[in-house]
Amino acid sequence: MNRLYQVDPAGATGKTQELFQTVLARLGKIPNLMRVFANSSAALEAYVNFSGALAHGVLPLKLRESIALAVSEINGCGYCLSAHTLSSGRAGLSQEDILAARRSTAADNKTDAALKLARTIALQRGHIASEDLQNARAAGLNDAEIVEVIQHVALNTLTNFTNNVAKTVLDFPEVKPGELEFHPAAA
């Protein structure tokens, strides 16, 4: 049960209604998290603008989804893990890729370095060592990519913390933090 009210899109007006229409156009639905954010039209607008701007950045979708999975696992956000497991699969990540991202690892060296950087930023609350940046750069990340990794950590921390406080009711297939084993369906 939600600890914060979920705004019903059918009753939304003004700026909130406009923002719900933007979310609906982007996602095809209005997830419960957006309904929680809508308690404040400013909060919903901040999220919509922040996520929308980063969607047009230099990081590819698969990496953005991988960062979301890594940060959500670190922050113990089952809602975001559930949502991003679904969207990661739609973005082309395999079950193995999804589980690896939740562990902040990847087979590709550059993606692995980005996930390691994201993990360190999240765990150290931004107070990282120069060596962490050197490792990211050595793997091929440029400063634009590094800045966007930081921003994606912040964006996902925002949604994780909101869900963790609100106890947002799941509207995606459930994925639980800490359950990092893949069991393929029997053939």
Side-chain angles (χ1 to χ4, degrees), residues 19 22-34 37 43-126 128 132-133 135-137 139-164 168 170-173 175 177 180 182:
L19 292 164
T22 300
V23 170
L24 186 60
R26 283 187 196 168
L27 303 177
K29 69 183 256 181
I30 301 171
N32 288 341
L33 172 60
M34 301 303 111
F37 276 146
L44 180 58
E45 183 175 27
Y47 172 79
V48 167
N49 290 339
F50 193 12
S51 63
L54 286 177
H56 299 290
V58 297
L59 297 183
L61 178 59
K62 286 183 179 181
L63 179 53
R64 296 191 315 260
E65 288 294 335
S66 294
I67 292 169
L69 290 164
V71 173
S72 297
E73 184 69 40
I74 289 164
N75 289 327
C77 182
Y79 185 94
C80 288
L81 277 176
S82 299
H84 286 286
T85 295
L86 183 63
S87 58
S88 291
R90 290 178 179 161
L93 272 72
S94 68
Q95 285 295 318
E96 292 83 4
D97 294 335
I98 290 168
L99 289 172
R102 290 177 60 192
R103 292 182 183 101
S104 303
T105 64
D108 172 74
N109 189 44
K110 186 174 180 180
T111 301
D112 187 68
L115 292 174
K116 298 282 189 284
L117 180 62
R119 177 178 176 75
T120 301
I121 291 166
L123 291 174
Q124 299 299 321
R125 297 183 308 271
I128 67 170
D132 296 314
L133 280 178
N135 290 341
R137 287 186 176 121
L141 280 105
N142 62 38
D143 284 354
E145 292 165 321
I146 291 169
V147 167
E148 287 190 23
V149 167
I150 297 164
Q151 294 293 295
H152 279 282
V153 170
L155 176 65
N156 286 285
T157 299
L158 167 70
T159 60
N160 296 165
F161 285 10
T162 301
N163 285 312
N164 288 346
T168 308
L170 277 175
D171 47 352
F172 300 98
V175 176
L180 295 169
F182 172 59

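The residues of the chain are indexed from 1 along the displayed sequence.
For Asp112, the salt bridge (Lys or Arg N to Asp or Glu O under 4.0 Å) test picks out Lys116, with sequence neighbours left out. Here Ala144 pairs with Val58, Asn142 under the side chain to side chain contact (heavy atoms under 4.5 Å, CB included) rule; sequence neighbours left out. Shown here are the side-chain hydrogen bond (donor to acceptor under 3.5 Å, both in side chains) partners of Ser72, two or more places apart in sequence or in another chain: Asn160. Applying the salt bridge (Lys or Arg N to Asp or Glu O under 4.0 Å) criterion to Arg26, with sequence neighbours excluded, gives no partner residue. The side chain to side chain contact (heavy atoms under 4.5 Å, CB included) check on Ala113 picks up Ala139, Leu141, with sequence neighbours excluded. Here Leu54 pairs with Phe50, Glu148, Gln151, His152, Leu155 under the side chain to side chain contact (heavy atoms under 4.5 Å, CB included) rule; sequence neighbours left out. Scored by the side-chain hydrogen bond (donor to acceptor under 3.5 Å, both in side chains) test, Lys110 finds Glu145 as partners (sequence neighbours excluded). Residues passing the salt bridge (Lys or Arg N to Asp or Glu O under 4.0 Å) test with Glu65: none are found, sequence neighbours excluded. Thr111 meets the side chain to side chain contact (heavy atoms under 4.5 Å, CB included) test with Leu63, Ala106, Asp108, Leu115; sequence neighbours excluded.
How far CZ of Arg64 is from CG of Asn156: 11.0 Å, rounded to the nearest 0.5 Å. Atom OH of Tyr47 and atom OG1 of Thr159 lie 6.5 Å apart (nearest 0.5 Å). Interatomic distance, Asn32 CG to Asp171 CG, rounded to the nearest 0.5 Å: 3.5 Å. Rounded to the nearest 0.5 Å, atoms CG (Leu24) and CG (Leu19) are 12.5 Å apart. The CG atom of Leu170 sits 10.0 Å away from atom CG of Leu81, with the distance rounded to the nearest 0.5 Å. Rounding to the nearest 0.5 angstrom, the gap separating the CD1 atom in Ile74 from the CG atom in Leu123 is 4.5 Å.
Residue pairs meeting the ring-ring contact (aromatic ring centres under 6.0 Å, His included) criterion with at least one partner in residues 59-110, sequence neighbours excluded, are Tyr79-Phe172. The salt bridge (charged side-chain N to carboxylate O under 4.0 Å, His left out) contacts involving residues 44-61 comprise Lys15-Glu45, where partners must be two or more places apart or lie in separate chains. For residues 69-80, every residue pair satisfying the salt bridge (charged side-chain N to carboxylate O under 4.0 Å, His left out) rule, not counting sequence neighbours, is listed here: Glu73-Arg102.
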Original post:
When you look at Arg137 and Asp143, which way does the side chain to side chain contact (heavy atoms under 4.5 Å, CB included) test go after all the steps?
Top reply: CA-CA 8 Å; Arg137 287 186 176 121; Asp143 284 354; 2.7 Å; yes
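The backbone N or O of Thr157 sits nowhere less than 3.5 Å from a side-chain atom of Asn75 that would complete a donor-acceptor pair.
Here the shortest heavy-atom pairing between Ile30 and Val23 reads CA-CG1, 4.2 Å. For the residue pair Leu86 and Pro173, the shortest heavy atom distance occurs at CD2-CD, 4.3 Å. Nearest heavy atoms, Gly89 versus Ile98: N-CD1, 4.0 Å. For Asn163 against Cys77, the heavy-atom pair with the smallest separation is CB-SG, 3.6 Å. The minimum heavy-atom distance linking Ser51 with Val48 is given by the pair OG-O, 3.4 Å.
The side-chain heavy atoms of Thr162 and Thr168, taken from C-beta on, include no pair separated by under 4.5 Å.
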